[in-house]
J.: 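Have a look at the structure that comes next, please.
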Number of protein chains: 2
Amino acid sequence: MNGAVSAGQETRTRILDTAERLMGERGFEVPLRAITAEAGVNLGAVNYHFHSKDALLDAIIARRFTPVNQRRLEMLDTLEACHPEGALPLEEVLEAFLRPVFESSPDMCHIRPLIGRIYSAPREFLSRVYGRHLTGVIQRFISALQRAAPDLPPAELFWRLHFTVGMMVHTMNWASILPVISNGACEVGDPGETTARLVAFAAAGFRTHVPATEKHFHA
Amino acid sequence: MNGAVSAGQETRTRILDTAERLMGERGFEVPLRAITAEAGVNLGAVNYHFHSKDALLDAIIARRFTPVNQRRLEMLDTLEACHPEGALPLEEVLEAFLRPVFESSPDMCHIRPLIGRIYSAPREFLSRVYGRHLTGVIQRFISALQRAAPDLPPAELFWRLHFTVGMMVHTMNWASILPVISNGACEVGDPGETTARLVAFAAAGFRTHVPATEKHFHA
DNA sequence: GTCTATAACGGGATAGAC
DNA sequence: GTCTATCCCGTTATAGAC
């Protein structure tokens, strides 16, 4: 029970780091051999530590998603403690949802290029990720948003959180290309600045009136 | 020179249709064998018609992106013709950008699950798609949005169009899961309704004030 | 123009040595 | 607990028959 990191854990971490980076650069289909070569570990170590390539991806996701979601719920708890009843401040709820994604751990930027790929994975995989990491958080934030925008119909609220997630995912995902296509005008740099931009845009969206949906009744 | 579709074109189309659907369900890594089996064509036909699997994907993308972009520019042209000078109506510019994605051809829904995967593909692939199908359209819409929101700094405008794209992509991409996770509350059904929701949210976002970015000057 | 058969390769997983 | 060597499978692409 000493404080030193065992060699096994060190290997495990190196695999995780390298796999995250290479899958970000080249996609999930990057060969395990490419990962182990760059990590300077043996191919067998992957199956020893993670059992399969799929499970390695699960571990990559869990390592980044878990602390972000913890931080999100922490911030939301604090917010709710400050406002035990009545309306919650919309901007601050959105900030609790978005800020941890951009700053939380100093290595969140490593999973950026993978985020969009995770969120657009085939259904079966996506359902697993959603059930494991997203359901609970989304439900908590839906409740909080209901208190922040009490006049919004529940379906509309869900749509708007959905839009917010889309903005967030796309911003993470295109972080490295954005400066190129915008001729240097846009850059995902300071977490606070990025979050502020997202929060301002989303909050305005949440506050706008529900569009008149000329619904056709079924005869 | 008769009007009948040659057998070769028929095969080509069947490959395109099946590949689009299967790649949507299972990801790009779906084997060509699975595609040709379901399409009822021979494996060799793929390489005959498309030269390679990569080029097949390019063809899938071109077939859906091209008409959408044409329609977008048509709508924008009409809009600009109606307002030869002065401000453009923001909602209508956004509608020209978004509506064709959801209604244009009746088969746009087939590429939905692929959209997110295309937009989160590895850099090299993404740059190719962006250069081929997106650069021009984005530039045209940036110009139009400058006329619709003249007070917005160019960088902020680009950010906000970027957010809008994220909302759109995520909505396409999660179209089939959205009803499940929202307990039936949300559904991508009528194109007009979906577009209206996106336009309302985005327009409000575009209209909000630029957040005060307490920029730290470098000493 | 279309299909068959095959080549050439690279992948993940594993059994067993260390 | 870690590494080596190997197995076996599925892949794309192609050469050549029809």
Side-chain angles (χ1 to χ4, degrees), chain A residues 1-62 114 117-118 121-122 124-125 128, chain B residues 1-61 63 114 117-118 121-122 124-125 128:
Chain A
M1 305 292 186
N2 59 29
V5 177
S6 74
Q9 282 305 311
E10 156 88 33
T11 301
R12 204 188 121 94
T13 305
R14 273 232 298 285
I15 294 171
L16 233 28
D17 288 342
T18 314
E20 183 179 59
R21 185 167 51 76
L22 283 175
M23 285 183 176
E25 290 168 8
R26 302 207 225 157
F28 297 144
E29 64 275 20
V30 67
L32 283 182
R33 285 175 162 84
I35 296 167
T36 53
E38 282 216 21
V41 303
N42 194 276
L43 182 59
V46 174
N47 272 34
Y48 173 72
H49 284 289
F50 301 98
H51 178 63
S52 76
K53 193 185 184 182
D54 265 5
L56 168 61
L57 181 54
D58 284 340
I60 290 172
I61 293 171
L114 262 179
R117 239 162 276 161
I118 292 165
E124 195 189 3
F125 179 86
R128 202 173 63 204
Chain B
M1 307 293 184
N2 58 29
V5 177
S6 75
Q9 282 305 310
E10 156 88 34
T11 301
R12 202 189 122 94
T13 305
R14 272 231 299 285
I15 294 171
L16 232 28
D17 288 341
T18 314
E20 182 179 60
R21 184 168 51 77
L22 253 44
M23 284 184 176
E25 290 168 8
R26 303 206 224 157
F28 298 146
E29 65 274 21
V30 66
L32 283 182
R33 285 174 163 83
I35 296 166
T36 53
E38 283 216 21
V41 303
N42 193 276
L43 182 61
V46 174
N47 271 31
Y48 173 70
H49 284 289
F50 301 98
H51 178 62
S52 78
K53 194 186 183 183
D54 263 6
L56 167 61
L57 180 55
D58 284 340
I60 290 171
I61 293 171
R63 183 169 70 144
L114 262 179
R117 239 161 278 161
I118 293 165
E124 196 190 4
F125 180 86
R128 202 172 63 203

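In what follows, chains carry the letters A, B, and so on, assigned in the order in which the sequence lines appear, proteins first and then strands, with residues in each chain numbered from 1.
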J.: Give a yes or no answer on whether the side chain of Thr18(B) reaches the backbone of Ile15(B) with a donor-acceptor pair at less than 3.5 Å.
T.: no

J.: Indicate for each nucleotide in nucleotides 3-18 of chain C, in 5' to 3' sequence, whether protein heavy atoms under 4.0 Å reach the base (B), only the sugar-phosphate (S), or nothing (-).
T.: SB------BBBB----

J.: To the nearest angstrom, how far is Glu10(B) atom CD from dG1(C) atom C1'?
T.: 14 Å

J.: Show every side-chain hydrogen bond (donor to acceptor under 3.5 Å, both in side chains) that has at least one partner inside residues 19-29 of chain B, sequence neighbours left out.
T.: Glu20(B)-Arg64(B), Arg21(B)-Glu38(B)

J.: Would Arg128(A) and Glu124(A) pass as an ion pair if we require N to O under 4.0 Å?
T.: no

J.: Can you confirm whether Leu56(B) sits close enough to Leu16(B) that some side-chain heavy atom of one is under 4.5 Å from a side-chain heavy atom of the other?
T.: yes

J.: Does a side-chain N or O from His49(B) land closer than 4.0 Å to OP1 or OP2 of dT2(C), or not?
T.: yes

J.: Can you tell if the side chain of Lys53(A) reaches within under 4.5 Å of the side chain of Phe28(A), non-hydrogen atoms only?
T.: no

